[in-house]
Amino acid sequence: MSTMLRELRLSLNQTQRVRLQSALQRLQDMASLASAVTVVADTVPVNHEDSILKGHGTSDLNGEVVAALCGVVERVNKLVYVRSQRARYKPEVGDIIVGRVIEIAPKRWRLEINFSQDAVLMLSSMNLPDGIQRRRTAVDELNMRSIFEENDVICAEVRGFQHDGSLHLQARSQKYGKLERGMLLTVPAYLVKRQKQHFHHLENYGVDLILGCNGFIWVGEHVNSNGENDMMVDQEKREDVVNKSEVGQATYEVRERITPLEIRKHVCRVANSARLLSALGFSLTVEVIVDTVEASISSNTDIKDILAAEFYVQTAEREVQRRVSLTRRKG
Amino acid sequence: MEYVDSLTGFRLDGRRPTDMRQIRGEIGVVPKADGSALFEMGNTKVIAAIYGPREVQNKSQQVNNQALVRCEYSMANFSTGDRARRPKGDRRSTEISLVIRQTMEACILTHLMPRSQIDIFVQVLQADGGTRSACINAATLALADAGIPMCDIVTSCSAGYLSSTPLLDLNYIEDSAGGPDVTVGILAKMDKVTLLQMDAKLPLDIFENVMQLAIEGCKAIAQYIRGVLLENTKQLEYRKGV
């Protein structure tokens, strides 16, 4: 049986297996109309009388268009390309991403962002903690570790490719920067769709959710971007005036506040829900994640049991219901 | 020993000379890897994991206009009848690593991923002849799962010549008979040979027959692999929804 439990190894009992299979079958029936699935080395049928443009994921063999990836053939006017699944992240300018600092180099941080190379965040392309616009001095360069250290998780925006092919990021706003008090999840990048809003504040739970386009998802305690951060900035500014070396200590004092147990539980619940959805291979949007969280609460599911067999099957069935109601609303 | 029964024409394990063993492929067996696959040919069982394209680990090896492909082949201690300790990097495994790397490099469109590195790890879990072919088939499945662009599907199959009969897909007993063993790797769609190995001598006309048989085997495997990939791609797409 191919239920593809890629990330979770579950032992389903007989009924659960049947239920899961019928749910997946219904998902398949619903989707079967639209998409043209293709496999590596398949010929993509095109009308040769029209002029066509070969896009990503295609190659040319004796004048035929051949798929170079497994995925879905998409056609936009003349352009024919193959949209792949499960590949690494392909950056586009303006994407909001979450990444992890792996190295500090002169004037820049290197970040792991699930791309084929490491991304670069220049010191000059981010706002300084004191919020003043000025040239970055040698002192700033020496104090880079007080902003981001190795292994810190950071949220930033894709700025673009440099002409040497390296990927540059920027973090020029209050909402970007270091992420603390939470957890990082990694899911396949194709499950996160580009949307208007990638920062979400789940007010009922006091949790921040950042869906990075690169498949890195941040779930953490809510930080008030106007209130608390300003306070931190103020404090650091004062420290700056007194003594630069005490900056580290000041942030340490702020960090001392502990996250309440309730919030920590909420973080775990949201994170497990997102994990479950990615294990099922459903695309991740806030609505679906919040639905799953609510369902887990209303069915009195323990946080750890979100990743267990019964809730796995229930979530698949709920997804069927959701898609049915979506298509009804359209029709 | 008689490898083909003179009366019935069956081989030792009950196959006909042109029969392949049962093949099975499964995708996504290593959760942390970018792509992974398990491939079985009869009792031969191989697991492959792909990492990348990712940042080049050793900067001096970085190539500016294409991806660096690396391959590591290993055999599990428990893969054969005698539990032998296998030192990493012995002659045999280095040679097979090289063979697999060259075969896969021929089909990966490396120029699309400059300044990056792709790691292919293959491990033999059970060895029953034809591990080389099984590794290449597993690697192909895993590369397709990792979403790495390839110009074609590479598949591989072996054939031999024992008791004056060309035999497809040798198992361990037939392999250790010491007869000629031809391993062929082809690009299924383009009909090109990317790998051809033989460690014995054969008359030209017989060699052609044996190689033709191996190519038939490769095509059958390509057909199967295509089916596995199609099913997997469909599943992922259906589940993702709109």
Side-chain angles (χ1 to χ4, degrees), chain A residues 2-9 24 27-32 34-35 37-43 56-59 61-62 66-72 82-88 102 110 112 114-118 164-166 186 188 190-191 279-283 288 316 319 322-323 326, chain B residues 26-36 50-56 62 64-65 67 107-109 112-118 140-141 143-155 187-190 222 225-242:
Chain A
S2 70
T3 44
M4 296 211 309
L5 304 170
R6 191 188 285 269
E7 278 145 67
L8 291 175
R9 293 279 156 184
L24 294 177
L27 286 182
Q28 184 167 341
D29 296 342
M30 261 183 272
S32 58
S35 46
V37 172
T38 184
V39 167
V40 177
D42 272 5
T43 307
H56 287 295
T58 60
S59 61
L61 177 67
N62 309 329
V66 175
L69 297 165
C70 296
V72 181
V82 179
R83 175 167 53 81
S84 74
Q85 300 133 340
R86 276 196 57 78
R88 286 212 159 198
I102 52 169
R110 285 189 190 285
E112 157 63 30
N114 193 30
F115 177 47
S116 64
Q117 301 158 44
D118 293 336
D164 61 344
S166 62
T186 51
Y190 77 95
L191 294 177
L280 275 160
F282 298 156
S283 54
V288 181
E319 181 72 8
R322 198 181 69 87
R323 287 191 199 171
L326 271 182
Chain B
E26 194 184 329
I27 289 177
V29 289
V30 185
K32 281 279 173 215
D34 287 300
S36 59
I50 308 285
Y51 293 87
R54 61 182 175 185
E55 183 83 15
V56 181
Q62 180 170 312
N64 257 327
N65 52 5
C107 75
I108 299 174
L109 300 173
L112 296 178
M113 299 156 283
R115 288 177 296 278
S116 58
Q117 148 178 339
I118 298 167
T140 305
L141 267 180
L143 280 170
D145 178 42
I148 290 171
M150 294 189 285
C151 60
D152 205 342
I153 291 178
V154 200
T155 53
L187 294 169
K189 176 141 188 144
M190 297 190 224
I225 283 184
R226 196 185 160 275
V228 173
L229 287 175
L230 190 64
E231 179 55 30
N232 183 61
T233 315
K234 270 184 187 165
Q235 281 282 331
L236 289 176
E237 185 58 27
Y238 294 151
R239 288 182 178 211
K240 183 181 164 244
V242 274

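Reminder, nothing fancy here: chain letters follow the sequence lines and each chain counts from 1. Quantities reported herein were computed from a predicted structural model and do not represent experimental measurements.
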Does any non-hydrogen side-chain atom of A:Q85 lie less than 4.5 Å from one of B:Q235?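 The answer is no; the side chains never approach within 4.5 Å.
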Could you check if a side-chain atom of A:E112 sits within less than 4.5 angstrom of a side-chain atom of B:R54, using non-hydrogen atoms only?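 No; the side chains remain at least 4.5 Å from each other.
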Exercise: identify the closest heavy-atom pair between [X] and [Y]:
{"X": "A:R86", "Y": "B:A33", "result": "NH2-O, 3.6 Å"}
{"X": "A:A87", "Y": "B:G147", "result": "CB-O, 3.9 Å"}
{"X": "A:Y190", "Y": "B:L236", "result": "OH-CD2, 3.3 Å"}
{"X": "A:G71", "Y": "B:T233", "result": "N-CG2, 3.6 Å"}
{"X": "B:D34", "Y": "A:R88", "result": "OD2-NH2, 3.0 Å"}

Could you tell me which portion of [X] (side chain, backbone, both or neither) has an atom closer than 4.5 angstrom to a non-hydrogen atom of chain A?
{"X": "B:I148", "result": "backbone"}
{"X": "B:M150", "result": "both"}
{"X": "B:N64", "result": "neither"}
{"X": "B:L109", "result": "side chain"}

Best-contacting candidate, B:K234, B:Q117, B:E26, B:R115, against chain A by heavy atom pairs under 4.5 angstrom: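 The candidate making the most pairs under 4.5 Å is B:R115.
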Of the listed residues (B:A144, B:A67, B:P149, B:P114), which shares the most heavy-atom pairs with chain A below a 4.5 Å separation?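 Ranked by contacts with chain A, first place is B:P149.
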Under 4.5 Å from a heavy atom of chain B, the part of [X] involved:
{"X": "A:F115", "answer": "backbone"}
{"X": "A:V66", "answer": "side chain"}
{"X": "A:T38", "answer": "backbone"}
{"X": "A:A67", "answer": "backbone"}

Calculate, to the nearest 0.5 Å, the distance between atoms [atom1] and [atom2] belonging to [X] and [Y] respectively.
{"X": "B:L112", "Y": "A:S59", "atom1": "CG", "atom2": "OG", "result": "9.0 Å"}
{"X": "A:L69", "Y": "B:L229", "atom1": "CG", "atom2": "CG", "result": "11.5 Å"}
{"X": "A:S116", "Y": "B:E55", "atom1": "OG", "atom2": "CD", "result": "8.5 Å"}
{"X": "A:L280", "Y": "B:R239", "atom1": "CG", "atom2": "CZ", "result": "6.5 Å"}

Salt bridge check: are A:D42 and B:R226 linked by an N-O gap of less than 4.0 Å?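 Yes, this pair counts.
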Please identify, among A:N62, A:D164, A:N114, the residue contributing the most non-hydrogen atom pairs under 4.5 Å to chain B.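 It is A:D164.
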Please check this pair: side chain of A:S283 against backbone of B:K240, looking for a donor-acceptor N/O pair closer than 3.5 Å.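 The answer is yes, because a donor-acceptor pair under 3.5 Å joins these two groups.
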